[in-house]
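As structure tokens, the structure follows; a few thoughts come after it.
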Amino acid sequence: MNPIQTTLVGFGFSAVTFHVPFLQALPAFEVTQVVSSRPEQVAQHFSNAAVVATLAEALQDENTELVIITTPTALHFEMAKQAIEAKKHVLLEKPAVVTIEEALALQTLAKQHGVQVAIYQNRRFDGDFLTLEQLMEMNEIGDWQVIESRFDRYRPVVRERWREQAGSGAGILFDLGSHLLDQSLALFGEPDALTGDVYLQRDGAVVDDGFHVTLHYGTRRVILRSTSFIQGPTPRFEFHATRGSYVKYGMDPQEGRLAKGHPVDEQLGEDEVDSYGYLQIADQPVERLATLPGSYATFYEQLAEGLRGGRVPVDLRDAEKTMRLIEAVRISSDEGRRLLRKEWDAWKN
């Protein structure tokens with residue numbers, strides 16, 4: 001089967017770290033065009049790809065099947081709209097677009113033009129998340145009661161990057177919160193209610209740089225947190241159930257390794273032994289549980305299968321649910337109250 005003819009839009013950190021290595025390594029894809037103002041940098045990775053200045057120019061290529069958009073989130077809707085109307089499949093960086101209305105509009109357009117829109121939620125393929133998912137399926141530690149998921153950083157100074165400056169789609173809730181909310185939806189579905197606290201703490205901050213979200217599933221709780229002032233190790237996941245607990249420190253290694261040029265191979269997602277999680281069942285001694293290998297390559301493999309006749313791994317319906325929760329979290333924080341699911345369900349009408 002011929003490779004999927006692909007146009008990559010943008011060539012910044014996200015493109016080079018999270019997309020280029022897999023587009024190079026997997027024979028299912030062939031990058032034929034890159035929309036970028038950095039032709040020299042592009043040539044270091046794709047010597048045979050054409051470098052064009054605009055998406056409109058790229059869409060004139062009739063052979064292009066897939067357009068991957070890695071630009072700032074505020075640009076996603078218009079770019080995706082152009083690509084869909086040109087009858088191209090689209091892969092958008094998370095969380096997809098800026099508003100629920102934009103997500104719904106793209107769903108309608110994609111259906112009209114017979115194309116698929118996928119969302120790059122790579123954290124579904126982190127090793128720690130896959131391990132947690134397996135633990136829940138095996139049910140060895142009983143029925144879950146409390147799960148805490150944290151994505152902490154030590155970044156006390158505001159940076160000159162679009163995610164930390166005023167503008168649509170900026171802020172840590174859109175950036176990291178969309179990962180944690182998507183993971184929660186993938187595991188548990190939509191909650192019955194939620195309580196959110198979104199805040200700005202750093203000197204000079206103009207967009208949110210921290211959040212604390214509680215998702216309510218009956219008597220069970222999922223707690224999602226991120227701050228910019230955490231030094232030293234904190235748990236990435238805490239999973240507490242009726243017969244035991246699992247606690248995992250450290251981030252999935254794939255991003256760090258990719259940023260350093262690690263090849264896409266079997267070792268890319270292998271966790272360090274020292275980072276294995278702690279598992280304790282009832283009164284038994286604590287044991288170290290090997291982390292399942294993470295695999296961002298699996299996302300791209302599933303994407304190729306989906307574009308060739310199946311369903312893409314994460315689609316606009318998934319993104320719409322995540323964006324409804326993001327909006328609900330902001331309202332909860334602004335109004336200082338718990339929001340019930342029926343309130344954000346009403347936004348579907």
Side-chain angles (χ1 to χ4, degrees), residues 10-18 37-38 70-77 93-100 120-123 126 128 148-184 194-215 221-238 248-256 258-260 322-339:
F11 214 72
F13 176 83
S14 175
V16 173
T17 303
F18 292 113
S37 59
R38 305 173 179 176
T70 69
T71 56
T73 309
L75 303 177
H76 285 188
F77 176 75
E93 265 289 345
K94 55 77 190 171
V97 285
V98 175
T99 67
I100 299 167
Y120 190 62
Q121 283 285 8
N122 59 309
R123 298 292 175 179
D126 279 357
D128 46 24
E148 183 163 343
S149 175
R150 301 173 61 154
F151 209 139
D152 293 324
R153 290 172 168 174
Y154 182 67
R155 292 186 179 175
V157 178
V158 176
R159 298 182 178 185
E160 288 293 331
R161 53 197 296 266
W162 70 265
R163 294 188 187 279
E164 299 182 43
Q165 302 301 315
S168 298
I172 203 166
L173 183 62
F174 260 107
D175 184 13
L176 303 184
S178 63
H179 280 310
L180 303 188
L181 288 167
D182 176 76
Q183 288 181 331
S184 300
L194 63 77
T195 307
D197 183 16
V198 185
Y199 43 84
L200 291 72
Q201 290 187 314
R202 295 178 296 177
D203 289 341
V206 292
V207 293
D208 51 274
D209 53 19
F211 59 81
H212 188 294
V213 177
T214 301
L215 306 180
R221 297 291 183 266
V222 174
I223 300 167
L224 311 177
R225 300 172 55 187
S226 181
T227 77
S228 299
F229 289 97
I230 301 296
Q231 297 190 67
T234 58
R236 171 66 184 89
F237 281 110
E238 293 184 37
K248 174 70 171 68
Y249 288 80
M251 293 299 299
D252 179 275
Q254 290 176 93
E255 177 179 351
L258 289 167
K260 294 178 181 178
T322 297
M323 298 193 68
R324 288 187 192 280
L325 291 190
I326 289 175
E327 182 64 20
V329 167
R330 291 197 184 281
I331 292 174
S332 172
S333 181
D334 290 344
E335 298 183 2
R337 66 181 181 92
R338 178 187 300 185
L339 254 68

Which value, rounded to the nearest 0.5 Å, describes the distance between T234 atom OG1 and R153 atom CZ?
12.5 Å
For residues Q254 and D126, determine if any side-chain heavy atom of one lies less than 4.5 Å from a side-chain heavy atom of the other.
yes
With heavy-atom distances below 4.5 Å as the criterion, would you say the side chains of F151 and R123 are in contact?
yes
Output the distance between atom CG (L181) and atom CZ (F211), rounded to the nearest 0.5 Å.
7.0 Å
d(T227 OG1, Y154 OH) to nearest 0.5 Å is 11.0 Å
D203 CG: over 12 foreign heavy atoms closer than 6.0 Å
no
Donor-acceptor pair, distance only, cut-off 3.5 Å: does the side chain of E148 make one with the backbone of E238?
no
Measuring from T70:OG1 to F13:CZ, what's the distance to the nearest 0.5 Å?
12.0 Å
Nearest heavy-atom approach of G250 to D128 is O-OD2, 3.9 Å
Sequence-distant partners of E160, salt bridge (Lys or Arg N to Asp or Glu O under 4.0 Å), two or more places apart:
none
Could you tell me which residues satisfy side chain to side chain donor-acceptor pair (under 3.5 Å) with Q201, sequence neighbours excluded, listed by chain and number?
none
So, do R202 and V157 sit near enough that their side-chain heavy atoms are less than 4.5 Å apart?
no
Determine the sole option in L325, T195, I331 for which the side-chain contact (heavy atoms from CB on, under 4.5 Å) test with L339 is passed.
I331
Is there a donor-acceptor contact under 3.5 Å from the side chain of S332 to the main chain of R337?
yes
Name all residues meeting the ring-ring contact (aromatic ring centres under 6.0 Å, His included) criterion together with Y120; count only those two or more places apart in sequence or in a different chain, and write none if there are none.
H19, F299
The criterion is salt bridge (Lys or Arg N to Asp or Glu O under 4.0 Å); which residues satisfy it with D152, sequence neighbours excluded?
R150
Minimum heavy-atom separation for S149 to R236, with atom names?
OG-NH1, 2.7 Å
Working note: K94 + T322, criterion side-chain contact (heavy atoms from CB on, under 4.5 Å); need CA distance, chi angles, decisive distance, verdict.
CA-CA 10 Å; K94 55 77 190 171; T322 297; over 6 Å; no
Which heavy atom of Y199 sits nearest to which heavy atom of S226, and what is that distance?
OH-O, 3.7 Å
Side chain proximity check, P235 to K248, heavy atoms < 4.5 angstrom
no
Give, for atom CG of D209 and atom CG of D175, the distance between the pair rounded to the nearest 0.5 Å.
12.0 Å
Might you point out which heavy atoms bring P156 and F229 nearest each other, and give the distance in Å?
CB-CE2, 3.7 Å
Would a distance-only check, ignoring hydrogens and angles, find a side-chain to backbone donor-acceptor pair under 3.5 Å from S184 to L180?
yes
So, using salt bridge (Lys or Arg N to Asp or Glu O under 4.0 Å) as the criterion, who are the partners of D252 when residues are at least two apart?
none
Is a side-chain donor or acceptor of H76 paired with a backbone partner of A96 at a separation under 3.5 angstrom?
yes
Could you check whether any side-chain N or O of H179 sits under 3.5 Å from a backbone N or O of Q121, counting only pairs where one atom can act as donor and the other as acceptor?
no
So, taking the atom named CZ in R324 and the one named CD1 in I100, what distance separates them when rounded to the nearest 0.5 Å?
5.0 Å
Side-chain contact test, heavy atoms from C-beta onward, threshold under 4.5 Å: evaluate it for Q165 versus V207 and give yes or no.
no
Side chain to side chain donor-acceptor pair (under 3.5 Å) partners of S228, counting only residues at least two apart
none
Under 3.5 Å, is there a donor-acceptor pair between the side chain of S178 and the main chain of F174?
yes
